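The sequence lines fix the lettering, A, B, ..., with proteins before strands; numbering per chain opens at 1. As the structure is a prediction and not an experimental result, all values here were calculated from the model.
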Amino acid sequence: MISANDSKGSDFIRDIILDDIRTNKWGGRVVTRFPPEPNGHLHIGHAKSMCLNFGVAEETGGECHLRFDDTNPTKEEEEYVTSIKEDVRWLGWDWGAHLHYASDYFEALYEFAIDLIQKGKAYVDDLNQEQIREGRGTLTEPGKESPHRNRPVGENLDLFRRMRACEFEEGARVLRAKIDMGSPNLNMRDPVLYRVLKATHHRTGDAWCIYPMYDFAHGQSDSIEEVTHSLCTMEFEDHRPLYDWILNGLEIHHPQQIEFARLNLTYTVLSKRKLLHLVEDGYVSGWDDPRMPTLSGLRRRGYSPESIKTFCDRIGVAKRQTAVEVALLEHCVREDLNQRARRAMAVLHPLKVVIDNFPEGQVEELEAVNNPEDPAMGTHKVPFSRELYIESDDFREDPPGKFFRLAPGREVRLRYGYFITCAGFDKDESTGEVVTVHCTYDPETKGGQAPDGRKVRGTIHWVSAAHALEAEVRLYDNLFTVERPDEVEDYRTVLNPESLTVLTSCRVESSLVDAAPGQHYQFERVGYFCVDSSDSRPGALVFNRTATLRDSWAKIEGGGGKQA
RNA sequence: UGGGGAUUGGUCCAGUGGUAGGACGGCAGACUCUGACUCUGCAAGCCCUGGUUCGAACCCAGGAUCCCCAGCCA
């Protein structure tokens, strides 16, 4: 159980933790935690953190707590708590009995503050926000001490108790740590520990009007929960000396903090602020819009939890600032869905085909494989009849070189069906558009093999016109047109106008009538799709494209292959 | 011009004194009732400059570049 090398591959954090287990540093225990603030929805970057924290706990037989860092009632809401828990569970992680909230520790935190005051390590400051900012100095100049810095302990105690009793207005007084205004680390220049906030907290209601700052809550919360390894992102690296100072001053359990780089993904943004704007300004339909990198968006798009976990394993954990290519995420979901998704035939841009020599009114049931990667998944029947729909791209009046599909005089195989040869086509006089293709079939080729052994280069998918279901299909592409939208002045100027294409008259095979919301399919030769969990209805199916299949023909043709 | 962190093919991650490796992406083939999957091959890298050493991606010195920090946000 103590071998993170088995399948996960290791990283510098797992190396440290494994070493700590060997040396019995924490009595062999491993306790980690995933500490989101309930002020937004979880995204793929949080998945990385969860896979690290819950993953390490799982691999070492330790435990991982889910703790909400809810120290700012003006920004946090219960709605977020609910969605975060749902997303954590969906990814497959289990916090067991360890669901915690920083707000559970408000009383303990208050006592810690009293303790620091009594030790002469904290003081109540009367300066206002602007004065404190001015007194902090700059990156190159030291700060100045507050005139209230040397208040007697008794006076500080009295004032802090009165802060708790709501005797002061917001901004009038704060509790500050008494550290070093000349420190080159700005976090050590007497940071604010407590502020007055007359806001209703989503869990503690109006019980408090003073709230601890994150820096005063996080380390102690970890300490209270006896966390052994406090894993966080790099921006907290220079807060570590402050946490050390507080924990040492309080003389309580001191977790080991280790920082790692947060995830960045190409063609998207992962800052809560920007994601919020996308939602609020209506650039997307909501937090769960399938174009969003949120876990709810990815879920609705059709990403499986397994594919996201695999992705997190592959990107590794290190300290350098990076941007992982979204192509890797796509690869992971294709790899997973290839193994699991049931195959079906769906025509996104229907083109009518009439098999002229097939008896009118006759219907045959052909057998289609559910998943060639997994024979145990069985087969299903697809109806074949005289009139079919094929993908309009699969027919060319004037085929380019290396085009193996249908064209005048060419023979192709209908997947699981017959060989057909194009005998002619009808055009709409006014538009010049091909509206019907006429073919003849070879009855000897039923099932897709020719008794005379002749081969065809192309196999195309199809649906029976009379049996097919009409469906809406939503094609998704990157939300942004540039690899690093974060580096653009206004990311809204690089939004991809083609990130969503809605196709309304697609035809899918009849076996999909019962397709359940969230169900994954591979539409053969097209891509991976899933039934939209919000808008799909029996009789009015809506499919979301999770990812395209790799398309080497599109490359030969020089196109992108991703477009509608 | 303060403090902290980082720098290995296009991208991400390994390698921590002894011939630089994997994955994704790219290119070229093979296979194929999905131009999918799978398989094979190819191209492509140690930020720079010195030093130590028989030998440096790794150790030392200097330099460069990038990221984070001046919320009563987390």
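- Around CZ of A:R262, the count of heavy atoms belonging to other residues, nucleotides or ligands within 6.0 Å does not exceed 12.
- Across the interface with RNA chain B, nearest-nucleotide mapping of A:D11 and A:V456 shows A:D11 to be the residue nearer the 5′ end.
- Residues that satisfy the salt bridge (charged side-chain N to carboxylate O under 4.0 Å, His left out) test with A:R149, not counting sequence neighbours, are A:E145, A:D190.
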Legend entry - Verdict with supporting geometry, A:D69 and A:H218, side chain to side chain donor-acceptor pair (under 3.5 Å): CA-CA 7 Å; A:D69 272 337; A:H218 192 84; 2.9 Å; yes

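- Interface residues of residues 191-204 of chain A facing RNA chain B, ordered by number: A:V192, A:R195; criterion, heavy-atom separation under 4.0 Å.
- What separates CD of A:E259 from C1' of B:rG3 is a distance of 14 Å, to the nearest Å.
- Evaluation of the disulfide bond (SG atoms under 2.5 Å apart) rule for A:C232 yields no partner, not counting sequence neighbours.
- If you check every strand for non-hydrogen atoms under 4.0 Å, A:E37 touches sugar and phosphate atoms only.
- Side-chain atoms of A:D125 never come within 3.5 Å of backbone atoms of A:H148 as a donor-acceptor pair (strictly under, hydrogens ignored).
- For residues 335-351 of chain A, the pairs satisfying salt bridge (Lys or Arg N to Asp or Glu O under 4.0 Å) are A:E306-A:R340, A:R314-A:E335, A:D336-A:R340, A:R342-A:E509, with sequence neighbours left out.
- The side chain to side chain contact (heavy atoms under 4.5 Å, CB included) check on A:E365 picks up A:K381, A:P383, with sequence neighbours excluded.
- In the displayed structure, A:K144 atom NZ is contacted under 6.0 Å by at most 12 heavy atoms of other residues, nucleotides or ligands.
- OP1 or OP2 of B:rA74 sits under 4.0 Å from a side-chain N or O of A:T71.
- Among the heavy atoms of the strands lying under 4.0 Å from A:A323 are primed sugar atoms or P, OP1, OP2 only; no base atom is included.
- When the P atom is compared between B:rA44 and B:rA56, the two are found 23 Å apart, to the nearest whole Å.
- Judged by distance alone, the side chains of A:E524 and A:H461 never bring a donor and an acceptor atom under 3.5 Å apart.
- Annotation: A:R162, atom CZ; neighbour count of heavy atoms from other residues, nucleotides and ligands within 6.0 Å is above 12.
- Looking at heavy-atom distances under 4.0 Å, A:L265 makes no contact with the nucleic acid at all.
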Using a cutoff of under 3.5 Å, can you pull out all pairs of nitrogen or oxygen atoms linking the protein to nucleotides 41-46 of chain B, with atom names and distances?
none

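- The separation between A:E141 atom CD and B:rG2 atom P is 13 Å, rounded to whole Å.
- Spacing of P atoms, B:rA43 relative to B:rG62, comes out at 40 Å, to the nearest Å.
- Taking the syn range as angles within 90° of 0, the glycosidic angle of B:rG71 is syn.
- With ring centers used as reference points, A:Y418 lies under 6.0 Å from A:Y441.
- Contacts of A:P372 with the nucleic acid, taken as non-hydrogen atoms under 4.0 Å apart, include base atoms.
- A distance of 6.0 Å or more separates the ring centres of A:F216 and A:F112.
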Nucleotides 22-29 of chain B: which of its N/O atoms have a protein N/O under 3.5 Å away?
from, atom 1, to, atom 2, distance (Å)
B:rG26, OP1, A:K555, NZ, 2.8

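- To the nearest angstrom, P of B:rU11 lies 18 Å from CD of A:E330.
- At a threshold of 4.0 angstrom between heavy atoms, the contacts of A:T74 with the nucleic acid are absent.
- Residues meeting the salt bridge (charged side-chain N to carboxylate O under 4.0 Å, His left out) test with A:R189, sequence neighbours left out: none.
- The nearest whole Å value for the distance from the CG atom in A:N264 to the P atom in B:rA6 is 17 Å.
- Every residue two or more places apart in sequence or in another chain that forms a salt bridge (charged side-chain N to carboxylate O under 4.0 Å, His left out) with A:D222 is listed here: A:R33, A:R67.
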Legend entry - Contact letters for nucleotides 63-70 of chain B, in which S counts primed atoms plus P, OP1 and OP2 and B counts the base, heavy atoms under 4.0 Å: ----SBBB

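- Side-chain contact between A:R410 and A:R405: absent, with no pair of heavy atoms (C-beta onward) separated by less than 4.5 Å.
- Each of A:F106, A:W208, A:F68 was scored for a ring-ring contact (aromatic ring centres under 6.0 Å, His included) with A:H201, with one residue passing: A:F106.
- The residue A:F68 sits apart from the nucleic acid: no heavy atom pair falls under 4.0 Å.
- For A:R262 and B:rG5, the CZ to C1' distance is 15 Å, given to the nearest whole Å.
- A search for salt bridge (charged side-chain N to carboxylate O under 4.0 Å, His left out) contacts involving A:E169 returns A:K198, not counting sequence neighbours.
- Base contact: A:N128 has a heavy atom under 4.0 Å from a base atom.
- Among the duplex regions that RNA chain B forms, those built from at least three successive Watson-Crick or G-U pairs under 3.5 Å are B:2-7 with B:64-69, B:10-13 with B:21-24, B:26-30 with B:38-42, B:47-51 with B:59-63, ordered by first number.
- Phosphate contact (OP1/OP2 of B:rU11, side-chain N/O of A:T322, threshold under 4.0 Å): absent.
- With rounding to whole Å, A:R415 atom CZ is found 10 Å from B:rU32 atom C1'.
- Comparing A:D69 and A:Q522 by the nucleotide of RNA chain B whose heavy atom lies nearest to each, the residue mapping closer to the 5' end is A:Q522.
- Taking the P atom of each, B:rG4 and B:rG45 are spaced 35 Å apart, rounded to whole Å.
- For the residue pair A:E76 / A:H202, no side-chain donor-acceptor distance below 3.5 Å is found, with atom types taken as modelled.
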